2 protein chains.
Amino acid sequence: MDSKIYRQRREIAEEVSLPDQIEEISKEFINNLGRVADFFGFNRLMGQLYAVLFLSPEPLTLDDMVKKLESSKGNVSINIRALERWGLVRQIYKWADRKNYYEAEPDVWKAVSGILQERERKESQQIISSLNQSVERLEQASKTASGQEAVTAQFYMERMEVLRRLFKFGDSLLDMMVQGGAVDFGSASRLARSTDEYKEGISDLDELALQQLESDQESHGARN
Amino acid sequence: MDSKIYRQRREIAEEVSLPDQIEEISKEFINNLGRVADFFGFNRLMGQLYAVLFLSPEPLTLDDMVKKLESSKGNVSINIRALERWGLVRQIYKWADRKNYYEAEPDVWKAVSGILQERERKESQQIISSLNQSVERLEQASKTASGQEAVTAQFYMERMEVLRRLFKFGDSLLDMMVQGGAVDFGSASRLARSTDEYKEGISDLDELALQQLESDQESHGARN
DNA sequence: TAGAACGTTTAGAATTTTTTGAACGATGTG
DNA sequence: CACATCGTTCAAAAAATTCTAAACGTTCTA
């Protein structure tokens with residue numbers, strides 16, 4: 001610890017050696033991806049592992065990574081396999097070598113859209129499906145209901161419908177990202193406005209954009 | 001606890017009363033938004049609070065929410081103020097009433113784009129700025145460097161450049177969502193491909209799309 | 001066959017996040 | 001003024017997450 005502080009100070013005073021400088025940049029990158037991973041609901045180590053592999057010209061072994069990140073073997077083992085399941089990292093087998101080597105998926109777009117498809121979309125579809133059911137049930141309820149209850153059911157229904165639209169739009173957006181396609185956010189913004197405005201707010205053009213999105217949605221088998 | 005199980009069972013057997021049914025739907029909605037909040041890096045309670053307010057025709061007091069969510073006053077107080085800071089909830093003052101009343105921002109699109117602007121964009125811009133610096137420093141380094149080091153610096157640079165492009169695209173996308181605008185994901189996918197492909201992968205059309213995004217980006221004052 | 005090298009698993013330690021509950025200050029009321 | 005109401009704060013508890021280190025099973029080597 002002390003030696004590190006001392007070293008840093010010396011570096012500033014004297015001039016940093018090139019390898020050290022490069023090492024420092026690499027560290028910063030690794031930490032950045034750690035934060036990103038955290039931000040996206042993974043954990044720091046997963047991001048750091050991906051970063052280490054992403055910056056390595058050759059595949060690395062478990063122990064390489066343990067050393068680099070000063071973590072434990074168990075921890076790295078668990079997290080590297082999580083990365084594998086997400087398709088962010090792949091295993092490399094070497095001839096006559098019992099060790100496992102890993103390398104990062106270099107196509108980061110592929111990596112990201114895989115996650116969008118497997119995680120974000122699943123989440124959004126769950127919500128949408130739940131909202132669909134709720135709205136449907138409320139619709140039923142509001143028919144048999146008397147006075148006060150009918151009003152409540154109606155109100156809930158409208159509010160949930162607004163959210164449902166938002167999530168559907170989000171889901172379509174994700175789909176576009178994964179499949180390729182184009183999105184106009186101009187119309188999107190009106191999709192999820194408050195109920196009152198919304199009722200008269202869906203103009204011809206918006207209607208079109210909306211329908212396009214919804215049909216696309218359905219064609220991928222999501223519950224409507 | 002036991003009474004709850006019993007009640008559920010009775011509901012299935014006998015038929016559920018309308019108010020109970022509506023109550024149940026509302027609970028599900030509240031829990032769903034709790035999960036969503038979690039997913040987006042807030043916490044469960046924040047989502048639940050927003051949901052409770054979103055489903056309430058009139059503004060609610062702290063104690064209303066405490067009762068509804070069976071949480072503590074302190075906890076609700078802290079989280080409701082967080083929601084306020086995010087612009088997701090606003091305070092209502094009533095004449096001759098010392099209590100604070102709260103209501104949810106009903107325009108969910110506004111709510112979401114506020115978050116995108118204030119949180120996701122800040123995050124992405126930090127990363128981009130850090131990557132910019134790193135790439136720049138590596139560029140410098142690779143000039144003075146000798147053999148092996150130059151190769152390493154070059155490699156790091158290329159890899160980081162790929163990520164930098166991805167984040168810039170993400171940031172532009174966020175900007176589009178917030179400002180309104182259109183995005184073509186067809187070109188986006190090639191922005192972040194692996195270095196080799198990337199070099200010859202940017203065709204005329206992609207180049208165009210890219211430039212459009214980048215100029216837009218700069219015009220909003222982000223560090224380039 | 002003994003032992004080394006390697007990756008996985010897991011109990012529990014450490015850390016971080018969330019929640020509680022009590023104390024407190026501020027404001028109003030009789 | 002004594003007392004009640006209301007919201008905030010904060011230390012400590014509880015819960016959730018992440019991490020470690022040791023035990024273990026496999027596979028290979030001498």
Side-chain angles (χ1 to χ4, degrees), chain A residues 1 30-31 33-53 58-86 88-103 119, chain B residues 1 30-31 33-53 58-86 88-103 119:
Chain A
M1 282 295 125
I30 292 167
N31 282 334
L33 283 206
R35 285 190 35 193
V36 170
D38 229 17
F39 192 78
F40 277 70
F42 297 95
N43 68 52
R44 195 167 287 106
L45 188 59
M46 277 177 78
Q48 291 174 322
L49 284 170
Y50 183 83
V52 165
L53 292 176
E58 322 88 26
L60 301 179
T61 67
L62 253 196
D63 280 325
D64 292 336
M65 297 183 269
V66 167
K67 214 178 301 168
K68 187 85 180 178
L69 294 175
E70 301 175 35
S71 183
S72 69
K73 215 162 45 138
N75 204 5
V76 169
S77 170
I78 284 169
N79 282 283
I80 204 76
R81 284 189 309 125
L83 283 168
E84 241 186 305
R85 280 198 303 281
W86 285 111
L88 299 177
V89 152
R90 66 170 69 97
Q91 237 171 315
I92 302 287
Y93 300 100
K94 291 204 177 181
W95 176 251
D97 192 336
R98 262 193 318 131
K99 291 197 212 72
N100 288 344
Y101 290 81
Y102 296 90
E103 68 176 17
R119 217 183 51 150
Chain B
M1 279 295 123
I30 292 168
N31 282 334
L33 283 206
R35 286 189 35 195
V36 170
D38 230 16
F39 192 78
F40 277 71
F42 297 95
N43 67 52
R44 195 166 289 106
L45 188 59
M46 277 178 78
Q48 290 175 323
L49 285 169
Y50 183 82
V52 165
L53 293 176
E58 323 86 24
L60 300 179
T61 67
L62 254 195
D63 279 325
D64 292 337
M65 297 184 269
V66 167
K67 213 179 299 168
K68 188 84 180 178
L69 294 176
E70 301 175 36
S71 184
S72 68
K73 216 160 45 134
N75 205 5
V76 169
S77 172
I78 285 168
N79 282 284
I80 204 76
R81 285 190 308 126
L83 283 169
E84 241 186 304
R85 280 197 302 281
W86 285 111
L88 299 176
V89 153
R90 65 169 72 96
Q91 234 170 316
I92 302 286
Y93 299 99
K94 291 204 179 182
W95 175 251
D97 193 335
R98 267 202 305 137
K99 292 198 209 73
N100 288 344
Y101 290 81
Y102 296 90
E103 68 175 19
R119 216 183 53 150

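This structure is a prediction, so every number in the text was calculated from the model and none was measured.
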Does a side-chain heavy-atom distance below 4.5 Å link A:V89 with A:L49? no
In whole Å, I'd like the distance from the CD atom of B:E70 to the C1' atom of C:dT18. 17 Å
Is there side-chain contact between A:L53 and A:M65, with heavy atoms separated by less than 4.5 Å? yes
So which nucleotide from D:dT18, D:dT27, C:dG7 ends up closest to the side chain of A:L62? C:dG7
Nucleotide C:dT27, atom P - distance to OH of B:Y93 in whole Å: 13 Å
Could you tell me the separation between the CG atom of A:D97 and the C1' atom of D:dT29, rounded to a whole number of Å? 14 Å
Return whichever of A:Q48 or B:N100 has its heavy-atom-nearest nucleotide of DNA chain D closer to the 5' end. B:N100
How many Å lie between CG on A:L49 and C1' on D:dT18, as a whole number? 13 Å
Quick one: label A:S71 by what it contacts on the DNA or RNA (base, sugar-phosphate, nothing), any heavy atom closer than 4.0 Å. sugar-phosphate
Identify the heavy atoms of B:L33 and B:Y50 that sit nearest to each other, and give their distance. CD1-CD2, 3.8 Å
Atom pair CG/CG of A:L62 and A:N75 - distance to nearest 0.5 Å: 11.0 Å
Is any side-chain heavy atom of B:Y101 closer than 4.5 Å to one of B:E58? no
Could you walk me through whether A:Q48 and A:I30 pass the side-chain contact (heavy atoms from CB on, under 4.5 Å) test, one step at a time? CA-CA 5 Å; A:Q48 291 174 322; A:I30 292 167; 3.7 Å; yes
Specify the separation, in whole Å, of atom CD1 of A:I80 and atom C1' of C:dC6. 15 Å
Of the candidate nucleotides C:dT19, D:dC19, C:dC6, which contains the atom at the shortest distance from the side chain of B:S72? C:dT19
Protein-nucleotides 12-15 of chain D N/O pairs closer than 3.5 Å?
none

For B:D63 and D:dT5, what is the distance between atoms CG and P respectively, to the nearest whole Å? 11 Å
Starting at CE of A:M46 and ending at P of D:dC19, how long is that distance when rounded to a whole Å? 12 Å
Listed pairs under 3.5 Å, donor-acceptor, residues 37-47 of chain B side chains, sequence neighbours left out:
from  : atom 1 : to    : atom 2 : distance (Å)
B:D38 : OD2    : B:R44 : NH2    : 3.1
B:N43 : OD1    : B:L45 : N      : 3.0
B:N43 : OD1    : B:M46 : N      : 3.1
B:N43 : ND2    : B:N79 : OD1    : 3.2

Rounded to whole angstrom units, what separation is found between the NZ atom of B:K99 and the P atom of D:dA4? 17 Å
Can you list the steps and then say if A:Y93 with A:N100 is a side-chain contact (heavy atoms from CB on, under 4.5 Å)? CA-CA 6 Å; A:Y93 300 100; A:N100 288 344; 4.3 Å; yes
Using heavy atoms to find the nearest nucleotide of DNA chain D for A:R98 and A:N79 separately, return the residue whose nucleotide is more 5′. A:N79
Do the side chains of B:L69 and B:V76 get nearer than 4.5 Å, heavy atoms only? no
Sort me out a list of protein N/O and nucleotides 9-13 of chain C N/O pairs below 3.5 Å, or just none if empty.
from  : atom 1 : to    : atom 2 : distance (Å)
C:dT9 : OP2    : A:R81 : NH2    : 2.5

